[in-house]
Amino acid sequence: MFSRQLTVSAMALTTLLMGSITQIQAATDDTVTVYSSRKEHLIQPLFEQFTKDTGIEVNYLTGKGGDLIERLKLEGENTPADMFMTVDAGDLWYAGTQDIFQDVITNTIVGNIPTYLRDPDGLWTGLSVRARTLVYSTERVNSSELSTYADLADSKWKGKLCLRTSKKIYTKSLVASIIHNEGEDKAEKIVSGWVSNLAATPNAKDSHVMNAILAGQCDVGLVNTYYFGRLIEKTPDAPLKLFWANQDTTGVHVNVSGAGVTKHASNSDGAVQLLEWLSSAKAQAIYGALNKEYPANQNIASDEVVSSWGSFKKDNMNLALVGILQADAVALMQRVGYK
Amino acid sequence: MPIFVVASAWLLPGGELWTHFAQTLLSDLVLSTTILLIGVGLGVSVLGTILAYLVVMVEFPGRRWLEWALFLPFAIPAYVLAFVYLGVFDYSGYVQVWMREILGLPGFDIRAGYWAITLTFILVFYPYVYMMARASFKRQKIHMIEAGKMLGASPIRVFWKISVPLARPAIAAGLLVTLMETLADFGVVSLFNYSTFTTAIYSAWGDFRSIEVAAQLASLLVLVAFFLIYFERRARGKAKYYSTDISHIRPYVASGWIGWLLFLFVFSVFMLSFAMPILQIIIWSIEVFAKEWSGKYIGFISSTAILTLSAAALTVTVATILALPSSCKNNSRVLQMLIHFSTLGYALPGSVMAVGLMYGVQNISLINEYFGGSSLNHLLFGSIALLLFAYVSRFMAIAYNSANASAEQIKPVYEQSARLLGASRFRLVWKVYLPMMTPGIMAGALLVAVDVMKELPATYLLRPFGWDTLAIRVYELSAEGLFERAAVPALMMVVFGAVLMLAFNKLDSSRL
Amino acid sequence: MLSVSNLSISFEENQVLNGFNLELESGDIFALLGDSGSGKSCALRFIAGLDNAQDGSVNLDGMDLSNRGEHQVEPEARKIGMVFQDYALFPHMTVFQNICFGINKLSKEQKTEKVNELLQLIYLEGIEKKYPHQLSGGEQQRVSLARSLATSPKLLLLDEPFSSLDKSHRNQLVKEVRSILKKARMTSILVTHDEAEAKSFADMVGKIDKKQLHIN
């Protein structure tokens with residue numbers, strides 16, 4: 001009867017699935033396999049172009065950064081991945097400490113990417129720069145009132161500040177950089193000042209922070225610039241502007257998205273070739289255009305929209321330090337009740 | 001198995017981090033988790049039971065279509081509903097903009113406090129209680145209600161004194177599932193930036209890179225789930241209601257303005273939990289459909305369908321074997337314990353489950369290597385088999401509860417007469433038990449299918465290459481703040497889920 | 001033909017039967033009377049192998065089914081049929097499928113022949129395609145009887161088969177079932193608490209009193 005048919009078809013289906021897995025496992029030798037926490041719609045056009053240019057196919061699997069690192073660790077030498085790509089310096093640094101990368105220092109990469117955006121040992125390479133800075137309402141705030149990240153802790157912003165959740169890795173990295181630049185005690189004062197200035201529970205997304213400012217819930221917030229880019233693309237007249245923080249001191253906090261070749265890559269050569277290609281001017285231009293980020297390759301100009309926001313001084317602390325300080329940053333935020 | 005892996009983490013150290021958590025998060029988390037559980041628990045029990053009672057016992061305008069329409073919210077993933085609610089009701093959403101501009105009311109932050117998130121959870125999860133209570137009310141013999149009426153009891157008294165006590169096991173079962181889902185949730189709580197126990201697990205793992213402490217915290221979660229199951233069993237007691245007499249007569253008729261008032265109440269629940277969010281998703285989808293749609297969607301849809309259906313088939317197969325009446329198997333205490341353990345996975349957040357599973361595989365593989373075998377890792381990681389195993393572990397509770405409920409309704413006399421007619425055990429199971437359990441098994445399969453379709457964390461972590469699902473697409477787009485584009489795959493999920501739910505409803509009514 | 005000896009049943013502290021003995025010849029129709037809680041149903045279910053007892057032996061047609069409280073033969077192999085108070089027809093099967101449940105090894109033709117013969121016997125020809133819920137209580141009970149007779153058991157046990165039927169139909173059915181059993185020459189035990197019913201149904205009536213069986 002019905003249940004019998006069900007069982008039989010379940011068995012058939014399972015057998016079929018088992019069969020299809022074995023086929024997937026046997027990927028061809030010259031394919032490069034990438035684990036990426038950069039989202040599919042942002043990497044797929046790049047890989048397509050790479051295949052067009054070199055004839056090398058790219059196979060990819062997206063996931064959360066931390067998850068993929070665990071998966072790589074557990075897969076060990078059997079991993080199908082040749083490259084691991086992620087979107088935060090902290091994740092890159094942590095992946096570096098977990099012995100899943102091999103060191104790759106080639107002339108091409110050294111020529112394309114500045115030192116502070118690379119791991120000192122060559123385990124990973126930054127591929128795009130993401131600036132996290134102030135965003136404000138042009139209707140209620142004059143840019144002369146704004147200056148630094150620390151200034152947002154000033155009581156004049158009481159009830160006017162919107163922040164993204166402390167659970168997001170971008171927040172953690174920013175606070176890690178503040179710990180590095182200002183020292184732990186001062187950093188704790190700054191973050192606790194932020195918390196007391198909050199107009200609303202920290203938001204889940206940068207886009208929510210900007211919506212809240214537009215709706216008048218708060219006047220100023222912190223965002224990654226490309227989220228601002230997307231919003232402006234959709235509603236060019238939005239009364240919202242970026243402000244470059246810490247220009248007279250340490251510079252705007254930048255983070256990277258980047259990649260490294262895995263230690264147990266079965267196609268190291270292909271992976272190195274992909275990494276070099278990704279650092280090239282051509283790929284970097286696509287990178288910027290796709291997601292309104294800043295190129296890591298200093299030899300090319302930013303996307304038109306991106307350059308219209310003006311140039312700024314970047315914080316040049318080595319990003320590996322961000323990774324090292326991230327756990328301290330989280331502990332600090334949990335202490336002062338930044339949710 | 002993932003549960004044992006998780007529990008074994010207590011053997012590993014984690015001292016400093018515990019001190020830190022104890023000083024900062026834990027007391028708050030315990031409090032906020034408890035408040036959430038109590039609020040959601042009360043909410044779903046009250047709302048689910050009242051709705052079920054109304055559609056079963058009372059005739060009022062629109063009852064016929066509302067009865068099945070109330071199932072539909074189950075098809076919407078909780079995180080999708082949460083992002084729609086935030087879009088519509090938060091400070092920058094239409095509702096508040098309108099309230100501020102037209103009514104001049106002050107704006108407010110709906111994510112502050114706990115009432116908005118509690119309400120969201122209630123609207124997502126009430127269908128669990130609704131569907132179980134509804135089935136139970138339908139089985140209550142009409143003459144019991146009529147006896148109550150003859151004795152002069154008002155409808156409200158009949159509700160409290162007869163219907164609810166009789167439906168208590170069903171309500172408790174629905175409540176249990178709801179609470180376990182709430183404990184395991186990560187999507188809704190992170191959108192509302194509300195902290196629960198799950199938050200601490202993710203913090204231990206994601207922020208402090210301590211799998212050990214994460215696993216220790218997760219095992220506490222399992223402990224909580226274990227207590228919940230225990231209380232559910234207590235609530236159910238020894239009562240067994242073998243009955244299947246269904247009557248389609250409704251004891252009460254609400255006419256006139258009371259009828260319309262009831263309609264308005266039930267209709268507004270439906271609007272809020274399904275129609276309004278769907279409308280919003282459709283509006284978003286239309287704006288960006290051309291941009292978002294591509295051939296890749298064929299792949300997303302087919303992997304969603306294949307994973308969903310095969311996981312459902314596998315889970316119910318195992319659940320059915322576990323749920324078969326005790327006479328068919330060696331029904332020791334140990335087995336009962338194992339069954340309870342196997343249903344605990346529902347309270348584990350998907351990621352924790354998945355990582356536990358990966359470590360389990362790792363250990364098995366190491367043991368195998370130690371005894372001279374080759375490494376199994378490459379065979380298991382990234383295979384459909386592991387992913388399906390994760391689904392089975394995670395959703396066993398639903399399939400088991402459903403199959404078990406139908407098994408418990410089979411009177412022992414059927415087994416006895418079959419045996420006296422010379423039937424072997426095999427024939428007894430195949431010809432008597434399985435057909436009589438089929439509606440329950442199928443209902444379980446559909447519920448598991450909908451849950452697997454919505455499942456994100458374990459799928460995201462364990463899926464093989466090329467097995468991206470609609471849920472993953474929704475996550476990837478919404479994580480980047482592209483809600484409008486995320487609405488396209490979300491809508492497809494809802495349609496797929498709604499089809500499954502309607503099939504469930506059809507089966508359910510053919511059973512009743 | 002059937003011999004039950006020294007049957008003793010107790011629930012925890014409470015002994016309901018002590019040294020129950022019964023001998024039946026082939027074709028006997030016996031009625032077992034007793035108040036509720038007197039252990040009459042327990043005795044029947046022990047004979048069927050469904051329930052346990054502290055002590056007691058059952059021998060049917062020269063074969064030891066139970067010995068000193070231990071069941072030697074499983075219920076499915078005892079060749080004993082049983083009709084229950086609430087019929088226990090499988091709700092998902094038609095009348096035909098229900099009757100054939102115990103004789104599934106026969107060929108299709110043999111089954112059809114057997115079903116027709118039995119339906120004729122219970123005066124219910126032409127209902128083989130109906131489902132149990134489409135039948136009245138009396139009809140269901142007669143189908144249940146036919147289902148038990150189909151396997152040609154050596155002994156038929158009837159556990160209060162008439163008690164859920166309304167009074168007006170009951171007397172009629174009691175007589176009908178008796179004549180069916182007589183026609184089939186079936187050795188049978190009826191358990192009931194209704195003395196009139198017992199007398200009009202059986203050749204021989206026994207009553208449980210003071211934990212033992214007394215035959216008048």
Side-chain angles (χ1 to χ4, degrees), chain B residues 138-139 141-143 238 240-249 320 324-331 403 406-443 507-512, chain C residues 41 44-51 60 65 71 73-94 97-106 131-133 137 140-141 143-161 164:
Chain B
K138 287 210 160 186
R139 258 181 249 115
K141 287 186 180 165
I142 189 98
H143 56 247
K238 288 235 157 68
K240 285 199 170 186
Y241 302 107
Y242 304 118
S243 165
T244 41
D245 290 2
I246 303 300
S247 155
H248 289 283
I249 303 160
T320 306
L324 276 175
S326 47
S327 57
C328 312
K329 51 185 201 246
N330 180 8
N331 205 33
S406 59
E408 282 186 352
Q409 274 167 34
I410 301 175
K411 297 180 211 172
V413 75
Y414 290 116
E415 180 219 328
Q416 293 162 1
S417 62
R419 291 184 70 187
L420 287 169
L421 289 166
S424 62
R425 296 282 159 106
F426 177 76
R427 207 166 129 74
L428 174 66
V429 169
W430 200 242
K431 285 283 185 183
V432 179
Y433 282 140
L434 282 185
M436 290 178 86
M437 285 165 70
T438 299
I441 294 171
M442 289 304 292
L507 259 174
D508 197 44
S509 37
S510 70
R511 170 173 52 155
L512 296 175
Chain C
S41 277
L44 205 64
R45 295 170 61 82
F46 179 77
I47 297 170
L50 295 173
D51 282 354
L60 182 64
L65 298 183
H71 292 311
V73 179
E74 290 283 294
E76 46 268 47
R78 290 192 165 213
K79 300 208 168 180
I80 293 178
M82 189 155 174
V83 176
F84 295 86
Q85 179 178 347
D86 44 6
Y87 333 128
L89 290 176
F90 302 120
H92 57 286
M93 296 182 189
T94 61
Q97 287 167 327
N98 261 291
I99 293 178
C100 291
F101 186 84
I103 49 169
N104 58 312
K105 298 218 166 68
L106 298 187
Y131 281 90
H133 64 90
Q140 288 192 53
Q141 197 56 291
V143 172
S144 173
L145 181 68
R147 182 175 68 176
S148 298
L149 294 177
T151 57
S152 313
K154 291 179 182 166
L155 172 68
L156 184 68
L157 307 173
L158 302 107
D159 190 0
E160 307 241 12
S164 38

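These values consider heavy atoms only, across backbone and side chains, with no hydrogens, waters or symmetry-generated copies. Order of the sequence lines sets the chain letters (A, B, ...), proteins ahead of strands, with each chain counted from 1.
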Any residue meeting side-chain hydrogen bond (donor to acceptor under 3.5 Å, both in side chains) with C/Asp51, in chain and number order, not counting sequence neighbours
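C/Asp51 satisfies side-chain hydrogen bond (donor to acceptor under 3.5 Å, both in side chains) with C/Arg45 only.
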Closest approach of C/Ala88 to B/Ser417 (non-hydrogen atoms, all atoms of both residues)
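Here C/Ala88 and B/Ser417 meet closest at O-OG, 3.8 Å.
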Could you report the tightest heavy-atom contact between C/Cys100 and B/Arg427, atom names first, then the distance?
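Minimum heavy-atom separation between C/Cys100 and B/Arg427: O-NH2, 4.4 Å.
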Any chance you could measure [X], atom [atom1], to [Y], atom [atom2], to the nearest 0.5 Å?
| X | Y | atom1 | atom2 | value |
| --- | --- | --- | --- | --- |
| C/His92 | B/Thr438 | NE2 | OG1 | 8.0 Å |
| C/Asn104 | B/Leu421 | CG | CG | 10.0 Å |
| B/Lys411 | C/Asp86 | NZ | CG | 4.5 Å |
| B/Arg419 | C/Arg78 | CZ | CZ | 10.0 Å |
| B/Met436 | C/Met93 | CE | CE | 9.0 Å |
| B/Tyr414 | C/Phe84 | OH | CZ | 11.0 Å |

Side chains of B/Leu420 and C/Leu157: does their closest heavy-atom pair fall under 4.5 Å?
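Counting from C-beta outward, B/Leu420 and C/Leu157 never come under 4.5 Å.
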Determine whether B/Arg425 and C/Glu74 make a side-chain contact, defined as any pair of heavy atoms from C-beta on separated by less than 4.5 Å.
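With C-beta onward as the side chain, the pair touches.
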Residue list, side-chain contact (heavy atoms from CB on, under 4.5 Å) with B/Ala403, at least two apart or on another chain
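For B/Ala403 the side-chain contact (heavy atoms from CB on, under 4.5 Å) partners, ignoring immediate neighbours, are B/Ala323, B/Met437, B/Ile441.
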Which residues pass the ring-ring contact (aromatic ring centres under 6.0 Å, His included) test with C/Phe101, not counting sequence neighbours?
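Result, ring-ring contact (aromatic ring centres under 6.0 Å, His included) vs C/Phe101: C/Phe90.
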Side chain, backbone, both or neither: which part of C/Ile103 has an atom under 4.5 Å from a heavy atom of chain B?
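No part of it gets close to chain B.
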Applying a heavy-atom distance below 4.5 Å, give me the residues of residues 144-155 of chain C that approach chain B, sorted by number.
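Under the 4.5 Å heavy-atom cut-off, C/Arg147, C/Ser148, C/Thr151 qualify.
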Name the member of C/Gly102, C/Pro91, C/Ala77, C/Pro75 that forms the most heavy-atom pairs with chain B at distances under 4.5 Å.
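The candidate making the most pairs under 4.5 Å is C/Pro75.
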